[in-house]
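What follows is a set of notes on a single structure, which appears directly below.
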Amino acid sequence: MTAAAVPAGPADIAPEDRGRTTLAERAVRRIAARAAGEVDGVGEDVQVGARIDAESATLDVRLPVRYPAPVGRTTEQARAHVSARTAELTGLTVRRVDITVPALPNEPVTTRRVL
């Protein structure tokens with residue numbers, strides 16, 4: 001009697017033969033925009049552009065900073081947070097996060113909590 005062939009499982013396939021996951025730029029843009037909105041002092045309507053190249057991403061963020069929040073500190077915190085969260089959630093290396101501040105909306109600055 002012969003044993004039936006057992007299909008190979010993921011552990012039996014070499015990593016280079018398993019395929020790869022491809023992330024859409026839209027998904028990366030949405031993740032980065034959500035991460036930017038988690039930073040204190042950031043206004044509504046964050047817009048993100050993303051370019052993906054192999055295993056890395058470059059992000060262009062239009063980040064309204066709520067007046068009277070300090071623009072420099074807010075943008076640096078946003079850059080660090082967006083970079084870290086995007087890398088964590090996508091597995092991509094974030095090479096650069098360019099930030100443009102298009103507006104200083106006069107909205108009350110609230111403390112946000114990341115859940």
Side-chain angles (χ1 to χ4, degrees):
M1 187 175 259
T2 61
V6 177
D12 298 330
I13 300 172
E16 61 273 6
D17 295 332
R18 290 184 193 160
R20 60 187 312 153
T21 301
T22 303
L23 289 169
E25 287 182 356
R26 180 177 181 216
V28 175
R29 287 192 313 259
R30 292 182 74 175
I31 289 168
R34 180 69 175 249
E38 295 172 350
V39 177
D40 288 339
V42 172
E44 302 295 321
D45 197 29
V46 175
Q47 298 173 355
V48 178
R51 289 182 304 282
I52 300 172
D53 180 29
E55 301 295 324
S56 65
T58 301
L59 305 173
D60 295 309
V61 181
R62 293 181 53 83
L63 187 79
V65 176
R66 294 178 175 172
Y67 180 81
V71 175
R73 185 172 55 204
T74 303
T75 57
E76 286 306 312
Q77 288 174 346
R79 180 176 285 113
H81 187 69
V82 166
S83 180
R85 290 290 286 161
T86 302
E88 176 185 4
L89 295 172
T90 66
L92 296 171
T93 300
V94 178
R95 298 266 180 225
R96 191 174 74 225
V97 178
D98 293 328
I99 295 180
T100 301
V101 178
L104 298 171
N106 192 9
E107 303 169 4
V109 177
T110 59
T111 302
R112 299 181 189 187
R113 293 185 345 173
V114 178
L115 301 176

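Remember, it's a predicted structure, so these values are computed and weren't measured experimentally.
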Q: For the pair V46 and V61, evaluate side-chain contact (heavy atoms from CB on, under 4.5 Å) and give the outcome as yes or no after the intermediate values.
A: CA-CA 7 Å; V46 175; V61 181; 4.0 Å; yes
Which heavy atom of [X] sits nearest a heavy atom of [Y], and at what distance?
X   : Y    : value
Y67 : N106 : CD2-OD1, 3.8 Å
P64 : P102 : N-CD, 4.0 Å
L92 : S56  : CD2-N, 4.1 Å
I52 : E25  : N-OE2, 3.5 Å
T58 : R95  : OG1-CB, 4.3 Å
R29 : V48  : CD-O, 2.9 Å

Q | Joint cluster assignment, L89 & V94, ILVMFWY side-chain distance < 4.5 Å | A |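 The answer is no; the residues belong to distinct hydrophobic clusters.
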Q: State plainly whether one hydrophobic cluster holds both V82 and I31, where clusters connect Ile, Leu, Val, Met, Phe, Trp and Tyr through side-chain heavy atoms under 4.5 angstrom apart.
A: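 They do not share one cluster, since no chain of ILVMFWY contacts under 4.5 Å joins V82 to I31.
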Q.
With a 3.5 Å distance limit and no angle check, can you tell me whether R62 reaches the backbone of Q47 through a side-chain donor-acceptor pair?
A.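 Checked: no pair found.
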Q. Does T75 reach the main-chain N or O of G72 with its side chain, forming a donor-acceptor pair under 3.5 Å?
A. yes
Q: Can you measure from NE2 (H81) to OG1 (T86) and round to the nearest 0.5 angstrom?
A: 8.5 Å
Q: Report the residues that fulfil salt bridge (charged side-chain N to carboxylate O under 4.0 Å, His left out) with R51, sequence neighbours left out, ordered by chain and then residue number.
A: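 By the salt bridge (charged side-chain N to carboxylate O under 4.0 Å, His left out) rule, R51 matches D60.
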Q | Pairing residues for R73 by the side chain to side chain contact (heavy atoms under 4.5 Å, CB included) criterion, not counting sequence neighbours | A | P70, Q77
Q. Listed by chain and number, what are the side chain to side chain contact (heavy atoms under 4.5 Å, CB included) partners of E88, not counting sequence neighbours?
A. R85
